[in-house]
Amino acid sequence: MIAVLKQGTTDTQIENLSAWLKSQGLDVHLSKGKTHTVIGLVGDTAKIDAELLESLDIVDSVKRISEPFKSANRKFHPDDSVIKVGNTSVGGLDFAIMAGPCSVESEEQVMEIAKAVKAAGATMLRGGAFKPRTSPYDFQGLKADGIELLLKAKKETGLPIVTEIMNANHLPLFEEVDVIQVGARNMQNFELLKELGKTQKPILLKRGLANTLKELLMSAEYIMAGGNENVILCERGIRTFETYTRNTLDLSAIPMLKELTHLPIIADPSHATGMARLVKPMAVAAAAAGAHGLMIEVHNDPAHALCDGAQSLTPEAFADVTRAVSRVIDAVKETN
């Protein structure tokens, strides 16, 4: 249930109403927009008389929300959320570009790539320290040593770092990580999501290989229900009957999610296609569809990468992509 308050409602009136609602055993989420303040109620709202609530002088309207995701719902939070990450942000009018290697392999490798992607316009450095692989015989990442190398690159370049977590027990290793990524395979690892909800770090939540948008938003709800509202969604392609590409990038998910939720949504054309030559057209298309950012894999020597070299761009190719995307973003701004 949400209650939209009238313009001119004072802070004292809002506090008094919130206190009464909390006394009814409900969690209260306050969202102050450009024109209205919205009070979102989570819990057993059946005990609340909607007509009585709507009759209050400060209440403009009351609506019951049928969707199971409450905190992530745009009706709860009409304005776009902007997630601050170090000296940059994701959401609203800001466009984030997270770029870097699939796997951190060495200090020389990550430093070279970090400097190159920053020069080409990246706003964050992504890199895998813990790697979930389909085969147990594939490279699993440098783990804690990989995080240390990312932190060195962060100190050298100033770029915030994004890296994936696989187990809640590893959380102490992520204290200095700027954005914690939850990969597609862990999107419904609810115990992990609950633990991440207890932190206040930005969480990048990737859509699962065969999950619906509703399921993605419910996973975001797990994090937000724990008190952490700093969630970034990522469309990274879903598994379909098509075999020419690694996955199928669901571009329609971007505008649909923007209708359903206030959370920022980015796209990962690298994992979606699995082919370096398809990254540029899909990155441009995602920007045109309204994405708030991109995650792109970049490697200084893709042919010898220990992980996903086929979908990794060279630094030069990445710079070409950022130039093309920049032109699209400018065009989109002009039409809005």
Side-chain angles (χ1 to χ4, degrees), residues 97-106 108-117 120-122 124-143 146 149-150 153 161-164 166 181-187 204 206-210 234-251 253 266-287 291 293-325:
I97 300 182
M98 307 170 188
C102 176
S103 293
V104 175
E105 299 169 8
S106 67
E108 181 183 6
Q109 173 237 22
V110 74
M111 286 295 186
E112 182 178 338
I113 295 172
K115 293 175 183 178
V117 297
M124 297 183 218
L125 173 66
R126 61 94 65 218
F130 292 88
K131 295 303 301 179
R133 306 300 301 277
T134 302
S135 170
Y137 307 112
D138 288 339
F139 178 59
Q140 305 290 312
L142 297 180
K143 301 179 173 58
L149 293 180
L150 286 170
I161 58 173
V162 185
T163 193
E164 182 173 353
M166 292 176 58
Q181 176 184 316
V182 176
R185 294 172 177 83
N186 274 316
M187 192 204 86
L204 176 66
K206 284 196 163 189
R207 183 182 181 184
L209 279 73
C234 180
E235 164 55 39
R236 47 79 70 205
I238 53 176
R239 180 170 292 171
T240 68
F241 51 80
E242 183 53 66
T243 57
Y244 275 105
T245 54
R246 180 176 181 177
N247 295 289
T248 299
L249 182 60
D250 183 5
L251 287 174
I266 71 167
D268 179 350
S270 300
H271 276 93
T273 64
M275 300 179 187
R277 68 179 184 278
L278 297 183
V279 170
K280 180 178 178 180
M282 290 298 95
V284 167
L294 295 166
M295 174 172 272
I296 296 176
E297 292 191 357
V298 180
H299 198 286
N300 54 339
D301 186 8
H304 295 95
L306 296 181
C307 178
D308 288 341
Q311 66 195 36
S312 298
L313 300 181
T314 62
E316 295 76 18
F318 173 70
D320 180 54
V321 170
T322 59
R323 287 191 293 268
V325 168

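No hydrogens, no waters, no symmetry mates; every other heavy atom, side chains included, goes into these values. Just so you know, these numbers come straight off a predicted model, no measurement behind them.
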Contact summary for Cys307 and Glu105, nearest pair of heavy atoms: N-OE2, 4.4 Å
Please check this pair: side chain of Gln109 against backbone of Ser103, looking for a donor-acceptor N/O pair closer than 3.5 Å. yes
Would you say the side chain of Leu249 lies within less than 4.5 Å of the side chain of Leu278, judging by non-hydrogen atoms? no
Tell me, please, which residues at least two apart from Ser106 pass side chain to side chain donor-acceptor pair (under 3.5 Å). none
Does Arg236 have any side chain to side chain contact (heavy atoms under 4.5 Å, CB included) partners at least two apart in sequence or in another chain, and if so, which? Ala184, Lys206, Leu209, Cys234, Asn247, Asp268, His271
Tell me if the CD atom of Glu108 is crowded by more than 12 foreign heavy atoms within 6.0 Å. no
Would the distance check show the side chain of Ser312 and the main-chain N or O of Pro302 forming a donor-acceptor pair, the cut-off being under 3.5 Å? no
Which heavy atom of Ala272 sits nearest to which heavy atom of Thr245, and what is that distance? O-CB, 4.5 Å
When rounded to the nearest 0.5 Å, the distance separating OG1 of Thr163 from CD of Gln181 is 7.0 Å
How close do Ala283 and Val321 get, heavy atom to heavy atom, and via which atoms? CB-CG1, 4.0 Å
Would you please name every residue forming a side chain to side chain contact (heavy atoms under 4.5 Å, CB included) with Ala116, sequence neighbours left out? Pro315
Closest heavy-atom pair and its distance - Ile296, Ser270: CA-OG, 3.6 Å
Hey, could you give me the CE/CE distance between Met98 and Met295, rounded to the nearest 0.5 Å? 5.5 Å
Salt bridge present between Glu297 and Arg126 (N-O < 4.0 angstrom): yes
Set of residues satisfying side chain to side chain donor-acceptor pair (under 3.5 Å) with respect to Thr248, sequence neighbours excluded: Thr240
Arg323: which residues meet the side chain to side chain contact (heavy atoms under 4.5 Å, CB included) condition with it, sequence neighbours left out? Ala319, Asp320, Arg327
State which residues pass side chain to side chain contact (heavy atoms under 4.5 Å, CB included) with Ala99; sequence neighbours excluded, sorted by chain then number. Val117, Ala122, Val298, Phe318
Sequence-distant partners of Glu235, side chain to side chain donor-acceptor pair (under 3.5 Å), two or more places apart: Arg207
Output the distance between atom OG1 (Thr314) and atom NE2 (His299), rounded to the nearest 0.5 Å. 11.5 Å
Heavy-atom nearest pair, Leu313 first then Ala276, reads CD2-O, 3.4 Å
Can you give me the closest heavy-atom contact between Ala114 and Leu125, atom names plus distance? CB-CD2, 3.9 Å
